[in-house]
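First comes the structure, then the notes that go with it.
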Amino acid sequence: MKKKKIYQEKPGLKMKELAEATGLAKSTLLYYVSLGLIPEPVKTSPNMAYYDPISVYRVKFIQNMKVHHRLPLGEIRKLMEEWRDDASISTHVELTDLVFGPSHHENLLDRKVFLETTGLTGTQVDELLEARLLIPLEKEFFDSDDVSMGRVLAQGLSWGYGIKDLVFYVDTGEQIVDRELALRKVLTRNLPVSEDAAITLEMVKSARISRAYVTDRLFQCRVSEMKGLKDERQEEKS
């Protein structure tokens, strides 16, 4: 009778797999290990080592903190030491991805290509940046969201909109963000980091639904009260 082979679960990720999962070079990952930013690997032989899968989340956390918060590695290490909870780190990674989206990992367009893609002029872009109707996350570089907004703005300007006619979006947006952040502060000020991150994650999801729902429904109600496209009574209210 043949003996059944017993397959043991792999103790972690090989260096090649970790590099593929994070997009970082082996030398960078080894540097992070030396700084204590990701766990030491488990060595099963002199030439074989396996890394804890949580290392993927830790690397993403490091990259997010460097890109979005401009923090040096020393400050990032302090945060990790304070939290001492990989669940909090993975939740924070999910939160950052939700807030900023996957676009921050894509190829960014420089100013010249952005102008060609959107049809905006250099002068228009300067004025839109000053008015904060265009808000790139990387100075002088533009992602897909910037391109979509740039095309919408170019079309509006071609219809005869003035930039000053559109700044109410910024003013209203600032008020909404201020109120949302104030509400988050009230709800999370006394919570530990893990609970803070988890609640903030859900609040961001709720806020996006609420903004779209309330704005669209208000618009729909206004339109339903109009008797035709030339009914100016609703325009006078605003």
Side-chain angles (χ1 to χ4, degrees), residues 57-58 60-71 75-76 78-80 82-83 85-106 108 125 127-153 156 161 163-225 234 237-238:
Y57 285 100
R58 282 180 161 251
K60 287 184 178 180
F61 176 80
I62 293 166
Q63 297 304 96
N64 285 340
M65 285 296 170
K66 288 172 63 178
V67 172
H68 298 303
H69 302 284
R70 305 292 192 272
L71 291 182
E75 292 297 319
I76 296 172
K78 287 180 182 178
L79 282 177
M80 287 183 164
E82 288 174 5
W83 291 7
D85 181 0
D86 285 322
S88 298
I89 290 174
S90 61
T91 301
H92 195 288
V93 169
E94 186 180 355
L95 174 60
T96 304
D97 286 345
L98 177 64
V99 171
F100 293 98
S103 61
H104 64 273
H105 295 302
E106 69 186 2
L108 300 175
V125 167
E127 293 174 350
L128 290 166
L129 289 171
E130 185 176 357
R132 301 193 72 199
L133 285 164
L134 275 178
I135 314 175
L137 297 176
E138 296 284 338
K139 187 176 181 180
E140 290 299 319
F141 288 93
F142 305 86
D143 63 19
S144 60
D145 290 336
D146 299 319
V147 171
S148 296
M149 185 60 178
R151 286 172 172 163
V152 167
L153 291 167
Y161 286 162
I163 291 176
K164 291 182 179 179
D165 296 327
L166 302 173
V167 294
F168 71 88
Y169 283 112
V170 180
D171 297 336
T172 305
E174 288 279 12
Q175 293 178 37
I176 292 173
V177 171
D178 286 344
R179 296 296 292 270
E180 288 176 347
L181 291 177
L183 179 59
R184 191 201 77 84
K185 185 176 181 180
V186 170
L187 294 178
T188 63
R189 63 171 45 144
N190 297 320
L191 296 178
V193 172
S194 58
E195 292 182 39
D196 186 337
I199 288 180
T200 300
L201 178 64
E202 295 306 315
M203 288 188 71
V204 171
K205 295 177 182 177
S206 298
R208 287 187 170 174
I209 295 172
S210 300
R211 293 173 206 154
Y213 174 84
V214 173
T215 304
D216 284 347
R217 282 302 166 90
L218 288 173
F219 185 79
Q220 289 162 359
C221 288
R222 288 288 185 92
V223 172
S224 68
E225 293 173 5
Q234 292 303 314
K237 286 185 180 181
S238 58

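We're numbering straight along the sequence, starting at 1.
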Worksheet item: Should Asn64 and Asp97 be marked as a side chain to side chain contact (heavy atoms under 4.5 Å, CB included) after you check the CA-CA gap, both sets of side-chain angles, and the distance that decides it?
Response: CA-CA 9 Å; Asn64 285 340; Asp97 286 345; 4.2 Å; yes
Worksheet item: Quick one: does Arg184's side chain get under 4.5 Å of Val204's, heavy atoms only?
Response: no
Worksheet, complete the sentence: Shortest non-hydrogen pair, Ile76 vs Phe61, comes out as CG2-CE2, 4.0 Å
Worksheet item: Do Leu98 and Arg208 have side chains that get closer than 4.5 Å, going by heavy atoms?
Response: yes
Discussion item. Surrounding NZ of Lys205 (heavy atoms of other residues, nucleotides or ligands, distance under 6.0 Å), is the total greater than 12?
Written reply: yes
Worksheet item: More than 12 heavy atoms of other residues, nucleotides or ligands under 6.0 Å from CD of Glu130: is that the case?
Response: no
Practice prompt. Flag the pair His69 / Glu75 as yes when at least one side-chain heavy-atom distance between them is below 4.5 Å, and no otherwise.
Written response: no
Fill in: From CG (Asp146) to CG (Leu137), nearest 0.5 Å
6.5 Å
Worksheet entry | For the student: nearest non-hydrogen atoms of Glu195 and Leu191, plus distance | OE1-CD2, 3.5 Å
Item to complete: Answer yes or no: are there more than 12 heavy-atom neighbours, outside Phe219 itself, under 6.0 Å from its atom CZ?
Response: no
Worksheet item: Are there more than 12 heavy atoms of other residues, nucleotides or ligands under 6.0 Å from atom CZ of Arg179?
Response: no
Practice prompt. Return the minimal non-hydrogen interatomic distance between Cys221 and Ser224, and the atom names on each side.
Written response: O-OG, 2.8 Å
Practice prompt. To the nearest 0.5 Å, tell me how far Thr96 OG1 sits from Lys60 NZ.
Written response: 11.5 Å
Fill in: Spatial distance of atom CG (Asp196) from atom CG (Asn190) [nearest 0.5 Å]
10.5 Å
Discussion item. To check you understand the geometry: which heavy-atom pair defines the closest contact between Ala131 and Ile163, and what is its length?
Written reply: CB-CG2, 3.8 Å
Item to complete: Rounded to the nearest 0.5 Å, what's the gap from CE on Met65 to CG on Leu79? Could you check?
Response: 5.5 Å
Fill in: Gap between atom CD of Glu180 and atom CG of Leu183 - 0.5 Å precision
8.5 Å
Worksheet item: Going through the distances and angles, do Glu138 and Val67 end up as a side chain to side chain contact (heavy atoms under 4.5 Å, CB included)?
Response: CA-CA 9 Å; Glu138 296 284 338; Val67 172; 3.8 Å; yes
Worksheet, complete the sentence: Here the gap from Glu202 atom CD to Leu187 atom CG, rounded to the nearest 0.5 Å, amounts to 13.0 Å
Worksheet item: So, for Tyr57 and Ile89, which heavy atoms are closest and what is the spacing to 0.1 Å?
Response: O-CG2, 4.0 Å
Worksheet, complete the sentence: Residues Leu133 and Leu153: closest non-hydrogen pair is O-CD1, 3.8 Å
Worksheet item: Is there side-chain contact between Ile135 and Met149, with at least one heavy-atom pair below 4.5 Å?
Response: no
